[in-house]
Structure formats: C-alpha cells, structure tokens
Amino acid sequence: MTDLVTLAELGVPLAAIGGAAYARHAHPAAYWSTVGLPLSVARLLASYSSTMDACGLTVEPSRWRALAVRATTRREIRPVPPRRGVIRPNSTGLRVRLRLAPGQEPADVAASAERLRHAWGVHAVYVRDVKPGVVELRLVGYDVLRKVRMPRRVDSGLLRVAVALREDATAFVRDYRAVPHELVLGATLSGKSMYLRHLITSLAAQPVALVGIDCKRGVELAPFSLRLSALATDPDEAAELLPVLVKEMEDRYDLIKARQGIAPGTPDEEITSDVWGLPDSERPVPIVLFVDEVAELFLVATRKDEERRDEMVTHLIRLAQLGRAAGIYLEVCGQRFGAELGKGATMLRAQLTGRVCHRVNDEASAKMALGDIAPEAVDAACSIAPELPGLAVVGDTSGGWSRIRTPYLSLADAAATCRESAHLAPDVPALTPFRPYVPPVPAEASGTATVPRPVTE
C-alpha cells in the first residue's frame, strides 16, 4: 500500500517533467516562455558574478571602491564584473546590457559567449556593440531556425525588405541601397528559389520595377509575370534585354548630368552622384534585375554563342559596376559561380557585394561565394544539412557573416501576391517590349479560378 501511495505521489511530477520535455522538443517557443525563461533568469541572477569571474571578465575594483569596502565591511576585496543593466525578456530569449570596465573591449565578451551559454542554460549568446563602453548580450533560448517565425516588427522601407530570420532571432533585411548587388548560390532543393520568392513578393508592394532573366524557360519567374516589368526566358531574349538595361542606365546618367550641371562629356565612371539626389518628381523608378541560373548565360556551344556570351557578360559587368548610381540593382542566382564559367565570371562576382550561400554540393562552391570575404564562413556553409531547406550563410565584403533561414512560402501564394500587386508595376517605356504576356486565367464551371500547381519547391 505504501508503494502505491509513493507511485501516486510521483505520478504528478513525472507527468509534469514528461510534458515539459515534450513541449521543449515540439513547441520550443511555448516551453521557453513558461519554463526556460524563468530558469535562465534565475541562473543569470544567481551566478552572474561567479560566471564573469570564471570567464575572466572581472577587473580589480577602483581605489575608492576598495577604500569604501574596507571602511564599511571586513570582507575580502574581490574583482568586480561589468555592471549589468535591466534584463529584457522576449518571446525568443532575453537581452541585457553590460557596461565594460576600463581596459575591456567587446571582443573579450564575445570570446566568452560559449561559456556564458552553458552557464545560463540557453541555446546561444550573441554580443553586439551598442556604443563605446557598452555591449548588449542577446541570449537566444532555443533554435529559432528550426521553425522560422519572423518578428512582428521589422524596420523596412523602400528597397528594404525582410526576407529571412537570423540565428540571433532578428530579421535579415535585404537593403539594396546599402548592399546594391548580391550573389545567391545553392544546390537543387536548397531553398534558393524560396529566398527569391520572398524578395520578389516583398518588393512587389513597392514602387520598384522588377526585371527577370530566367533561362529555364521561365519556370521560376513566369508565375510572377503580372508584376514583372520585363522577362527573358532564354539566352536570346536575355541578349536583347541586357543592352536595353544598359541604355536605360546611360540615360539616367545623362539625367543626373543635366540636373546637376555636369559637363556632357564627363565619363560615367567619374560621376559620384546618383539618382537619389534628384527631386522626387524627376527621379526614375528603381530597377531590380533577377538573374536565375546565371550559368546558362555563360554556356556556349558554337562560335556565335561565344560572341553573344561575351556581350551579355560585358553588359552584366557594366550594370554591376555602374548600376547602383542609376538605381539599378542585381540579384544573381546560380548553383555554381566560378572562373570555370568563362571570361568575365570572376570580374562579375567581385562586383557583387552581398553573398548568400545555401547548401552546396562541394566545398569549392562555398569558397566561390564566401571564400574571398569570410573564409571562416565556408565551413558553416558546408555543414548545412539537406533536411533544412532555406538555411543559408549570408555575408558581405565587410567580413561579417551569420546563418539565416527563409520561411516557407508556396509558389501559389507568391504568385497570388504578385497578382494582387500587379497594378503597382511602374511604367518603364524602355522595358515595354519585354513585358511578359499573361493569358487570362480560365474559370471552371463552378466559377472558381484554376490555381496552377507549383513547378518547383
């Protein structure tokens, strides 16, 4: 009888422990808000001084503080940790600011991030420099990239769109004015197309002209035709479209010269101003060019194809070098992008400031994207598992990099978004001949429209 009572008494705590373990695995956000957050806060408050001392982040107290301790107490004078601010919890973790002691730097705290993670029982710890002498610790309670939930509040604007979630639970914002051109690499089913869908659907609601080059007969970009200002679906059409974009860029430079009084014979390379210095009434609309499977533009079979390839590559390089000031931005996508593609490939890649590398088939492909800007990010890109589509490593020429993951967006939903915003497509006269023709969607007998099945995921 006593054994039965003991088992009955243990039944409730065992069930609670089992429920918490299940919630931690199946619903990490709920587990963090109910269990993980109070435990981590308690650990931080109870062990803050000892943890900082073990990590080597304490310093000797000032002379006045030592004298005050000796005068008021008889306890031993111990090194003091950085002054801690108010703990700010949120749905994914918590934040706390530290005021560094004289002689410390943010790199000292960043070097101890892994120790802090284990001491306080969180998934990861990230350090951000707020201002001189102050850093912010961002503690992430669980793996936010396993099931992506975008933040509710995102700092967006014209040519600033949130397309993915960073590993520190902040939004990855693609800012074309800060990073004008970008290279996106990824193997088949790595999530490269999903990243592209989010870019297009986010820009579709803005006064931006979207231009696409999809040499896979348009299977990736054709569903967004209603919102595109121009679309080329094979190398022949691309060879006709790119010179038009270059001519549009040159016309915009002429407009800048005329407005700002620059001599007509001044070379384009010597003009430092851009279209954003023009009045709103005279400023041409920005143009974002999406190039899917860029390798198709480099492949040649005959001598005639080689001449056409050289012309297209030259036009792309000119757009990458001079397009930013004219309000023309490039988003180049592919599975591989290296010198083996042919003449001009390396020169074009050097002009693409932003880099996004999804799962690739070999280390060489990762080095093509990240090796020249953040060598330590190559290993992170090579370790992406196939069962995590949309996970990528993003970097730029500053050397910084981080992991991101794009939330799932079906092709049908992305096409519907572009269809609803079709009226926002700006009129660019030079691109009118390349405007894709979209036949009307037939209606079934029941009166509902037929939704096309996604071609790729």
Side-chain angles (χ1 to χ4, degrees), residues 174 176 180-186 192-193 195-201 203-204 208-249 285-301 305-324 326-337 341-342 344-345 347-349 351-352 354 356 411 414-415 418 425-426 428 430-438 455-456:
R174 176 73 174 95
Y176 283 91
H181 312 305
E182 187 174 66
L183 174 64
V184 183
L185 291 186
K192 184 171 76 275
S193 299
Y195 181 84
L196 199 61
R197 289 176 200 171
H198 277 276
L199 280 177
I200 294 176
T201 54
L203 291 172
V208 178
L210 305 180
V211 179
I213 295 179
D214 182 7
C215 293
K216 294 193 300 185
R217 313 304 296 179
V219 296
E220 292 289 350
L221 300 181
F224 318 124
S225 296
L226 283 172
R227 182 57 181 83
L228 297 180
S229 298
L231 177 63
T233 58
D234 57 51
D236 292 331
E237 294 180 357
E240 298 176 1
L241 174 60
L242 288 173
V244 174
L245 289 174
V246 173
K247 181 63 168 60
E248 175 69 16
M249 178 186 68
V285 296
I287 298 176
V288 179
L289 171 62
F290 297 94
V291 182
D292 189 63
E293 294 299 344
V294 66
E296 290 294 323
L297 299 180
F298 284 83
L299 299 179
V300 296
D305 293 341
E306 185 176 352
E307 296 175 356
R308 181 190 62 189
R309 188 274 307 273
D310 293 343
E311 292 179 0
M312 288 191 295
V313 173
T314 301
H315 293 320
L316 281 175
I317 293 174
R318 291 199 65 195
L319 290 173
Q321 289 179 335
L322 307 175
R324 182 207 62 80
I328 300 177
Y329 308 96
L330 301 183
E331 200 75 32
V332 180
C333 307
Q335 297 187 32
R336 285 179 61 88
F337 196 80
L341 291 180
M347 186 175 182
L348 175 60
R349 185 182 61 186
Q351 303 296 327
L352 306 177
V356 178
L411 184 61
C418 291
V428 182
L431 301 178
T432 301
F434 302 94
R435 191 75 179 262
Y437 169 73
V438 182
V455 179
T456 58

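Once rounded to the nearest 0.5 Å, the distance linking CZ of R336 with CZ of F298 reads 13.5 Å. Interatomic distance, H181 NE2 to Q321 CD, rounded to the nearest 0.5 Å: 9.0 Å. Here the CD1-CD distance, from I328 to E248, works out to 6.0 Å after rounding to the nearest 0.5 Å. Note: L348 CG to L297 CG = 10.0 Å, rounded to the nearest 0.5 Å. Atoms CG and CD1, on L322 and I317 in that order, are 11.0 Å from each other to the nearest 0.5 Å. Atom NZ of K216 sits about 9.0 Å away from atom CD of E296, to the nearest 0.5 Å.
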*Is there a side chain to side chain contact (heavy atoms under 4.5 Å, CB included) between R227 and I200 once you walk through the steps?*
CA-CA 9 Å; R227 182 57 181 83; I200 294 176; 5.7 Å; no
_Assess the residue pair L226 and C418 against the criterion (side chain to side chain contact (heavy atoms under 4.5 Å, CB included)); give the C-alpha distance rounded to whole Å, side-chain angles, the decisive distance to 0.1 Å, and a yes or no._
CA-CA 6 Å; L226 283 172; C418 291; 5.6 Å; no
*Y176/L199 under side chain to side chain contact (heavy atoms under 4.5 Å, CB included): CA gap, chis, key distance, verdict*: CA-CA 11 Å; Y176 283 91; L199 280 177; 3.7 Å; yes
*Between V285 and V428, does a side chain to side chain contact (heavy atoms under 4.5 Å, CB included) hold up when you go through it step by step?*
CA-CA 8 Å; V285 296; V428 182; 3.8 Å; yes
What pairs of donor and acceptor atoms, side-chain ones from residues 235-246 against any protein atom, are under 3.5 angstrom apart with sequence neighbours left out?
unit_1, atom_1, unit_2, atom_2, d
D236, OD1, R308, NH1, 2.4
E237, OE1, T233, N, 2.9
E237, OE1, T233, OG1, 3.2

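Residue A415 comes nearest to P223 through the heavy atom pair CB-O, 3.6 Å, listed as atom of the first residue, atom of the second, then distance. Residue R349 comes nearest to L183 through the heavy atom pair CG-CD2, 3.9 Å, listed as atom of the first residue, atom of the second, then distance. Here the closest heavy-atom approach between residue R174 and residue P180 is recorded as NH2-O, 3.7 Å. Taking both residues in full, the closest heavy atoms of A345 and F337 are given as O-CE2, 3.3 Å, listed atom of the first, atom of the second, then distance. Closest approach of D234 to C215, counting heavy atoms only: C-SG, 3.9 Å. Closest non-hydrogen pair, L185 versus K192, comes out as C-CD, 4.1 Å.
For the pair L319 and L289, the minimum side-chain heavy-atom distance is below 4.5 Å. When side chains are defined from C-beta on, F224 counts as touching L411, because their heavy atoms get closer than 4.5 Å.
Of the options I213, V332, L210, a side-chain contact (heavy atoms from CB on, under 4.5 Å) to F290 is made by L210 and by none of the others.
Here the side chain of D214 pairs no donor or acceptor atom with the backbone of L231 at under 3.5 angstrom.
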